[in-house]
Amino acid sequence: MVLTSYINKEIDFDDENKQLLEEIISHGLSLGADFVEIFLENTDNLSVLVEDDFITSVNPSFGMGAGIRIFKDKRDGFVSTNDLSRKGLISSITQAIEMLDINLTTTKSFDGLEKVRNYSINKNNWLKSIPTVNEIGEKLLSSTKCLKKEEKVNVRKGSYARNWQKVIIASSDGTFAKDIRLHQTVGLNVIALDKQYRSSGSRRFGSSDSPNEFKNWNHEEAANEVLNSSMSMLYADYVDACQKPVILANKFGGVIFHEACGHLLETTQIERGTTPFANKLDKKIAHEAVTAVDEGISSGSFGSLSVDDEGMEPEKSILIKDGILKKFISDRAGEMRTGHKRTGSGRRQNYSFAAASRMRNTFIAKGNFSKDDLISSISDGLYCKSMGGGSVGATGQFNFAVEEGYLIKNGKLTKPVKGATLIGEATEVMPKISMCGNDLELAPGFCGSISGSVNVTVGQPHIKVDSITIGGR
Amino acid sequence: MRDLKEITNFITSSAESLNIKKWDFGASFSNDFSVQVDKGIAKQLKASQKQVLTLRVWNNKNLVGITTTSDLSKKGLKKALFQANLASDYGNKNELTDFSPSAKDPIKNIKEEKRTPVGIKKLLETLRIAEKELLNKHEAIKTIPYNGLSESFFKRVYANSDGAHRSYEKSQAAIYLYARAEENDRKPRSSGSVKIGYGLEDIDINSCIDEAAEKTISHLNYSSIATGKYKICFSPESFLTLINAFSSMFNARSIIDGVSISNKDSIGEMIANPLLNVFDDGLHEKNISSAPFDGEGTPTQKLCLINKGKLENFIHSESTARIFKTKPTGHAGLGSKVSVSTDWIVVERSENVLSEDIDLNHKDYLGKYIYVEELNAIHAGVKASQGSFSLPFDGWICEGGKRISIEAATIAGDFKTLLKEIINIEKNQYLTTSGISPHVWVNELSITGDA
């Protein structure tokens, strides 16, 4: 048992805070908790918005907080607070204990925290090396200027967001880690207008732990991509509802796998009984052309992290290998409740959420075909060049909007169509992914779920789905 | 610091030391408690204490800078003032912002509904019983995968350097129960119910259980639907979902930004069937979430948005009202760019409309139609700036007094066209968690089912 000295203190993010954290953890265990975890967070964020040719919003924000989680058997209680004083933290952990109605029988031993694993070394200067508001504003203004090329473009927007987060994670198994995370995103949006015709286009780009990434961002290329997309769709007809083969483009096309299948491979879904894959480990759930990966280690990718929010280094998880389900995405509670080993995927939006099993960089691995091979294999189908948002219901049915789509006739792309939605169920669609291209690319995004909104990447090469329901008019 | 007076005094003195003469802030303080269960076992119990303050300052060029923080220590507030002052160098020169001219107007004396916390143990016990009762309602109901019971206690404040100073406190509790039912060789079905009240004692838990069970069980027997165009009856919930999804058509901020299907000259246009009246009524007595003032301190008010099919008013913040040469309407959210949003929509059938011969009523209409019970995936399937939608829904094929649940389908259309194609609005209004509405009938919309 760690000796505690009751001193008045509060968390100092420039310090290790080891003694104070050990005191809080010891207090929780002395009251009967099986396990105690403390997550401390200090943030410094900035967002900038440019509309047309003017900066219209500069919004800095900062804050700090603590999330304290305790486990007793398989139950857990979670308390979050902005009060980082010793008194505030003791009060929070006491509240968590009271919530679980613990009857003290035996107390777990605690040998103290390990030597801190400091992942923030070499990251302390990031806030000084990221772009200034002036630099951000200038680049966004250049971007919206590029969007001016088309006179039918009525709305031009460029936005930037930076999220800097310093975290300290400590738990009663000795875990003790600190890290600094930096996420930057930049987005472009346009609305084109001509009489009764309207279209919109948007793209978002993002990076993690790369202070200079925004400076290197090719805004002209991005602007051209957004412009071309919105102008292609301006006069597009609505698609007819039908059942057809589709080609899903690479990069953000991976959002369908993320939503429709990836979430069903999180242990939180097993706990809830809402995944059809719960008892399918080592069984075939997809076409043999499909290998799918979730990892948190690709340098600079939006979903990468040095350490997860439970203090574990992320691993590369092969979820599906040649169509066979090989692994679930698991966090601490998931391992405790379902038996699936942790994968370094315990993630949360901020201190006010308990960590949960969440995806990181999730993608379908590349195959051997070219994009042209895929398109030429279809006589009548739909090419989904750009995907919008989507959702998956409690029974596994998904629904995704196609932002930019083209009909395929006799192996060739023809006219653009709008208003398409892809409808299906993972168990039915996964076996129908029959061809994977050789052009895997990732795209950043935000994923909202049980532990809030977290940064992820989705990705895939171009893929062919043999048949899917297309919603239209 | 959590005391309004203390915060205001500190900001006043600190602003003076930084030569900041004009400022305002909005802050909220909350204590939340929530529980979830899984077959009687407490799954996750949560408590949180949160505080957040958004501070605006005006510099000597009258440009506004802003900062948001959860650090309400003296050090934190000083940093917030300093950062906001720096940010004011980048204030929007093309759209100046001021205090709301109504920020010191008297606010309607609404009763402060604040209950006493019942505590986590009581919440847990109540939810356990609710889950058990719902599971016992039908053998096909295997799990309640999405469930929760929460209570929240909060205080909101607004103050500015011109002496405006207002606050209110409230409490709110909510329960949601979403059941999943499965029968042999049939697809799983899921549905549920949400109820809210000022406190746990105000929530009708039994009706939440009954509604969740009834909805889930009723969908067990389902059928596919052929793709095509159908006559539609929207439930009150689903029609309110659509109105809220396209509320940018009433939103002056969205109009200025070019992301609304309305424009500055749209007031007075016939945009819907004359049967339709729509109000925004944040202070409605049934609105549990009512707030007496908005983010800029402007008193909340009832506003007619559509009157007998005619677009009547837009909702405004201070700056949009100035551009439109009108008054703010109490719909602003404090932020770097002040947002505007509706509070609580009330839909009604207009009076003095000669439509007595309309016999469309969801209780006795015998012709074929589709009843849209609940719309899903709104964030993905609505293009508010273009006026189009394509949404999955839970619903029914109704004909000859019989109905069968639809296996899976999406409904698509253009919202402006839909408003004009309304063929009836029933008389009876129903209270939902997001507003009040009767059933609304639309002539024809596209449905994708079996292609």
Side-chain angles (χ1 to χ4, degrees), chain A residues 47-49 51 54-65 74-83 92 95-96 98-101 133 137 154-155 191 198-200 241-243 271-274 352 354 388-391 393-397 399-401 419 421 423 469-473, chain B residues 38 41-52 65-72 79 83-84 86-87 90 92-95 120-121 142-143 145-146 178 180 187-190 227 257-259 335-337 376-377 379-381 383 385-388 390-392 408 410 412-413 446 448 451:
Chain A
S47 64
V48 180
L49 177 66
E51 292 174 280
F54 304 98
I55 296 172
T56 56
S57 169
V58 172
N59 190 10
S61 64
F62 63 95
M64 55 181 76
K74 290 183 179 179
R75 296 176 296 150
D76 71 306
F78 179 78
V79 176
S80 64
T81 180
N82 297 123
D83 185 352
S92 292
Q95 188 180 16
E98 286 170 358
M99 287 194 310
L100 288 189
D101 204 11
V133 175
N154 193 43
V155 175
I191 294 177
R198 273 178 177 245
S199 69
S200 57
C242 55
Q243 186 106 26
E271 291 176 45
R272 278 191 178 142
T274 47
S352 67
S391 71
T395 56
Q397 189 182 65
N399 188 286
F400 286 89
T421 50
I423 304 158
T469 302
I470 299 167
R473 298 227 186 143
Chain B
D38 180 11
I41 297 167
K43 191 147 176 274
Q44 185 167 88
L45 311 178
K46 280 181 83 171
S48 74
Q49 164 270 314
K50 274 187 208 160
Q51 55 195 31
V52 64
I66 194 164
T67 292
T68 301
T69 183
S70 60
D71 184 357
L72 302 194
K79 183 178 171 184
Q83 281 204 350
L86 286 180
Y90 302 95
N92 188 352
K93 299 176 181 72
N94 297 302
E95 193 179 306
I120 285 279
K121 285 180 193 169
K142 308 287 188 196
T143 58
Y146 298 96
Y178 275 78
R180 182 180 156 107
K187 287 185 177 177
R189 307 290 278 170
S190 178
T227 296
D257 292 347
V259 295
S336 172
K337 184 174 176 180
N376 304 313
H379 68 284
K383 282 190 173 292
S385 65
Q386 297 179 36
S388 62
S390 177
L391 298 165
T410 59
S446 296
T448 302

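So you know, we letter chains A, B, ... as the sequences are listed, proteins then strands, and number each from 1. Owing to the predicted nature of the structure, the values given are computational and were not obtained by experimental measurement.
- In terms of non-hydrogen atom pairs under 4.5 Å with chain B, the most contact-rich of A:Asp101, A:Val58, A:Asn82 is A:Asn82.
- Proximity to chain A is absent for every atom of B:Asn376, based on heavy atoms less than 4.5 angstrom apart.
- Interface residue B:Leu45: backbone and side-chain heavy atoms are both found under 4.5 Å from chain A.
- Across every non-hydrogen atom of A:Met64 and B:Ser70, the tightest pair is N-OG, 3.3 Å.
- Contact annotation for B:Ile66: both backbone and side-chain heavy atoms come within less than 4.5 Å of a heavy atom of chain A.
- Only the side chain of A:Ile191 comes within contact range of chain B, with at least one heavy atom under 4.5 Å from a heavy atom of that chain.
- Both the backbone and the side chain of B:Lys43 have a heavy atom closer than 4.5 Å to some heavy atom of chain A.
- Heavy-atom distances place the side chain of A:Val155, and not its backbone, under 4.5 Å from chain B.
- In this structure, chain A has heavy atoms under 4.5 Å from both the backbone and the side chain of B:Ser385.
- In this structure, the side chain of B:Thr67 engages the main chain of B:Ala84 through a donor-acceptor pair within 3.5 Å.
- Of the listed residues (A:Gly419, A:Gly389, A:Pro60, A:Gly388), the one with the most heavy-atom contacts under 4.5 Å to chain B is A:Pro60.
- Proximity to chain A (any heavy atom under 4.5 Å) is shown, for B:Tyr178, by neither the backbone nor the side chain.
- The two atoms that bring A:Gly471 and B:Thr410 nearest to each other are CA-OG1, 4.3 Å, heavy atoms only.
- Side chain to side chain, B:Ser336 and A:Ser57 meet the donor-acceptor criterion of an N or O pair below 3.5 Å.
- In terms of heavy-atom pairs under 4.5 Å with chain B, the best-connected choice from A:Ser47, A:Gly65, A:Gly137, A:Ser199 is A:Ser199.
- Looking at B:Lys187, only its side chain comes within 4.5 Å of chain A, counting heavy atoms on both sides.
- Rounding to the nearest 0.5 Å places CD1 of A:Ile470 at 4.0 Å from SG of A:Cys242.
- Interatomic distance, B:Tyr146 OH to B:Ser190 OG, rounded to the nearest 0.5 Å: 8.0 Å.
- B:Lys383 touches chain A through its side chain: at least one heavy atom from C-beta onward sits under 4.5 Å away, while N, CA, C and O do not.
- Ranking B:Leu391, B:Thr143, B:Asn94 against chain A, the residue ahead of the rest is B:Asn94, based on heavy-atom pairs under 4.5 Å.
- Per-residue counts of heavy-atom pairs under 4.5 Å with chain B were compared for A:Gln397, A:Arg75, A:Met99; the largest is that of A:Met99.
- Contacts of A:Leu49 with chain B are made by side-chain atoms alone, with heavy-atom separations under 4.5 Å and no backbone atom involved.
- Between the side chain of B:His379 and the backbone N or O of A:Gly390 there is at least one donor-acceptor pair closer than 3.5 Å.
- Counting heavy-atom pairs under 4.5 Å between each of B:Gly413, B:Gly335, B:Gly381, B:Gly387 and chain A puts B:Gly413 at the top.
- Looking at B:Val52, neither its backbone nor its side chain comes within 4.5 Å of chain A, counting heavy atoms on both sides.
- For the set A:Asn59, A:Asp76, A:Val79, the entry with the most heavy-atom pairs within less than 4.5 Å of chain B is A:Asp76.
- To the nearest 0.5 angstrom, A:Ser61 atom OG is 8.0 Å from B:Gln83 atom CD.
- For the side-chain contact (heavy atoms from CB on, under 4.5 Å) test, residues two or more places apart in sequence or in another chain that qualify with A:Glu98 are A:Thr94.
- The side-chain contact (heavy atoms from CB on, under 4.5 Å) search around B:Thr69 returns A:Phe62, B:Asp71, B:Leu72, B:Ala80, not counting sequence neighbours.
- The existence of a salt bridge linking B:Lys337 and B:Glu95 is excluded, since no basic side-chain nitrogen approaches an acidic carboxylate oxygen closer than 4.0 Å.
- To the nearest 0.5 Å, atoms OG1 (A:Thr81) and CD (A:Gln95) are separated by 8.5 Å.
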